[in-house]
Amino acid sequence: MPSLLEARNLTVAYGGIQAVKDVSFEINEGELVCFIGANGAGKSSLLKALCGMAPAAAGAMHFQNQSITHLPVHEIVRRGIALVPEGRGIFSRMTVKENLEMGAYTRHDLAIDADMEKAFVLFPRLKERLKQQAGTLSGGEQQMLAIARALMGRPKLLLLDEPSMGLAPLMVQKIFETIREVSKAGMTILLVEQNAKLALEVSQRGYVMESGAITLNDDAEALAKNADVRKAYLGD
Amino acid sequence: MRDIEVIVARKTTSPYPAWLGLALIAVALIAAPFLVQASLGTYWVRILDLTLLYIMLALGLNIVVGYAGLLDLGYVAFYAVGAYLYALLASPQFGVHLPFWLLLPLGALVAGLFGVLLGAPTLRLRGDYLAIVTLGFGEIIRIFITNLDRPLNVTNGPQGINLIDPIAISGFSFARPQELFGINSVQAYYYLFLALTLLIMFVCLRLQDSRIGRAWVAIREDETAAEAMGINTHNMKLLAFAMGASFGGVSGGLFASFQGFISPESFNLMESIMILCMIVLGGMGNIPGVILGAFLLTILPEALRYVGDLQRLVFDRVLVDPADLRMLLFGLALVLMMIFRPAGLWPSKQRQRELVKDDELHPGLYDEQK
């Protein structure tokens, strides 16, 4: 499978403090890859760098064999990388429909309505609440909306930042089922998650991050069996 | 909640066609200067002109504050730039007398440029920090103009610029007492201002529903998410700044020609705050609300002048200076607004949503969840 995203020796720094140190990885088309690790391991900073929100201090990123290292956020989004931000970042005073329309902001084609219908197959709940103000949705529904909104831009790569954050356990299960379905439909997904157990369950491959560096990478199944990972992240 | 019901009821049960309302408004707007002239005198037609000027200013600032959510406390600087540009290029100050149809677009352009000049380095700041920088900018422009009479006299300093050319269209000067079709000077200005106000309103309405308008709302709601949607947030904010500034520039030019005299006094911080108050009072982001706010805050202080006469009539002397009373009532109005109508007198639907409790707006919302 051809590689869709490739990062080489990527370093992200905030005023001298290195949040991500010399990280290299790649994501192939159609894969669901997770990055797990503790709070402050640099997972979110890595995502921010991938979509241009945090500048790369060193290293290079390539998307579809083109450099995106120094591109501004809106350019990267236009190339097909969609971010579902941490804490969902929905437009709470817009309606659900307006939120979905914002997701298609970069598009000018006529298939937007059809895509919205497709999104409703995955997220039937959103159709019921189409005219409702997004801020009044429950946390889980907001996360669904955030994912659906990101898909409206027809991305080639979906970046999910802590989709389980602040959700009830039952809702978390539901969100992960949805992520698995989106992946099955052919979407390439990079998932950053603290809930290592669930993340490894849905993913094909995984990277373990520790204080800014990748310490392990393997098939998700192998990682889930790895003694160190079990001890550090799975509560054994 | 009640307000929403009223609005819904108004929308669904009106037995009259929409054009009838518009026609009535049009007739009222056309007749207004004559009715006011006949009943209250020329002074009040002047107030009416000023009201239109403030509506233009408020609509301009509304783009920055109401749409894009950028708190600009130095908006009056762009007004000043437009006014001084007009004054310098159409007065005996330099002996230059350019026509208004050249100066107004030029004013819009130069003020817009100043908007970009201010915006480019500062728009990475958010919220309060941006407010402080814009506040500083407003003061810098005013002080700059005040002191630009030495070593080379450009702005005439605190004395201001006098004898500014009135607007003239093919030989008909708006200032001369001559009458054209029975219209006097202030009435002529009224129609000119009205036409420009309608134009600015139209631009604002179109912007609101455009991609640009949507992008502004998204930035206002959540800048990070807006960025993730592929919006070039920096350029969009800059555009909001430039557009707001250019409307301010046009208003400034009109003000200069209308008054015939300007000085740095007219462009102090209080003026910026006043324009901001018009927006907040009327309803941020909603064009009818902003117009209402501008109208009320221009008319009411004038109306308060009569309170002095009333006091003299009743008590034989003025007990409370109307000017003091004005600030007092103004403060009281703002406090009352904060308590009873925090989103303004006539808020936009989006702002209104913020006001109403979720479960009232959507009964049964929380029943089946969690």
Side-chain angles (χ1 to χ4, degrees), chain A residues 47-48 51-54 72-95 98-108 125 128-129 131-141 145-146 149-150 152-155 158-159 161 167-168 170-171, chain B residues 1 4 8 66-69 123-124 208-239 284-286 342-343 347-370:
Chain A
L47 273 200
K48 283 208 178 100
C51 58
M53 286 180 188
V73 186
H74 62 271
E75 258 316 309
I76 293 179
V77 174
R78 268 156 223 262
R79 300 238 173 147
I81 298 182
L83 170 76
V84 178
E86 192 176 347
R88 310 182 278 268
I90 54 147
F91 303 115
S92 52
R93 270 185 267 142
M94 291 187 191
T95 63
E98 286 166 343
N99 264 276
L100 291 173
E101 284 166 355
M102 281 314 299
Y105 186 81
T106 53
R107 291 172 55 183
H108 297 276
R125 189 75 178 204
E128 293 165 27
R129 306 203 173 276
K131 291 206 173 85
Q132 191 170 318
Q133 188 186 345
T136 65
L137 298 177
S138 76
E141 287 169 345
L145 176 59
R149 187 182 62 179
M152 285 301 293
R154 285 200 177 168
L158 189 63
L159 307 178
D161 197 354
L167 297 183
L170 217 68
M171 231 348 156
Chain B
M1 191 67 211
I4 288 183
V8 169
Y67 291 173
L123 279 177
R124 67 190 66 211
Q208 208 172 9
D209 297 325
S210 69
R211 272 170 68 77
I212 297 172
R214 280 292 179 88
W216 283 336
V217 175
I219 291 171
R220 190 180 74 204
E221 293 248 319
D222 188 326
E223 204 171 326
T224 310
E227 244 182 330
M229 298 298 105
I231 296 167
N232 186 340
T233 53
H234 187 260
N235 283 3
M236 278 299 167
K237 289 198 286 183
L238 213 52
L239 184 67
M284 227 184 264
N286 194 32
S348 68
K349 261 187 256 159
Q350 210 145 27
R351 296 265 169 187
Q352 210 162 34
R353 288 183 203 149
E354 185 188 31
L355 259 184
V356 184
K357 281 191 188 121
D358 305 339
D359 44 352
E360 280 177 23
L361 197 59
H362 305 286
L365 174 65
Y366 293 121
D367 302 354
E368 352 103 64
Q369 282 171 20
K370 287 163 194 165

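For the numbers below, each heavy atom of this structure counts, side chains included, while hydrogens, waters and symmetry mates do not. This one's a predicted model, so the numbers in the text were calculated from it and none came from an experiment. Proteins come first, then strands; the chains are lettered A, B, ... in the order of their sequence lines, and each starts at number 1.
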- [ ] Quick one: do A:Val77 and B:Met229 satisfy side-chain contact (heavy atoms from CB on, under 4.5 Å)? Show the steps, please.
- [x] CA-CA 7 Å; A:Val77 174; B:Met229 298 298 105; over 6 Å; no
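- B:Arg211 CZ: more than 12 foreign heavy atoms inside a 6.0 Å radius.
- Looking at A:Glu75, neither its backbone nor its side chain comes within 4.5 Å of chain B, counting heavy atoms on both sides.
- Because its NZ or CZ atom is not both nearer than 6.0 Å to the ring centre of A:Tyr105 and within 45° of the ring axis, B:Arg214 does not count as a cation-pi partner of that residue.
- A:Arg149 touches chain B through its side chain: at least one heavy atom from C-beta onward sits under 4.5 Å away, while N, CA, C and O do not.
- For the pair B:Ala225 and A:Gly89, the tightest heavy-atom approach, listed with the atom from each and the gap, is CB-O, 2.9 Å.
- We find the CD-CG distance between B:Glu221 and A:Asn99 to be 8.0 Å, quoted to the nearest 0.5 Å.
- If you take CD1 on B:Ile231 and NE2 on A:His74, they are separated by 11.0 Å, rounding to the nearest 0.5 Å.
- Looking at A:Arg79, there are no atoms closer than 4.5 Å to chain B (heavy atoms on both sides), in backbone or side chain.
- Proximity to chain B involves both the backbone and the side chain of A:Met102, based on heavy atoms less than 4.5 angstrom apart.
- Nearest heavy-atom pair across B:Ala228 and A:Leu83 is CB-O, 4.0 Å.
- The shortest distance between side-chain heavy atoms of A:Met94 and B:Val217 falls below 4.5 Å.
- To the nearest 0.5 Å, atoms CG (B:Asp222) and CZ (A:Arg88) are separated by 11.5 Å.
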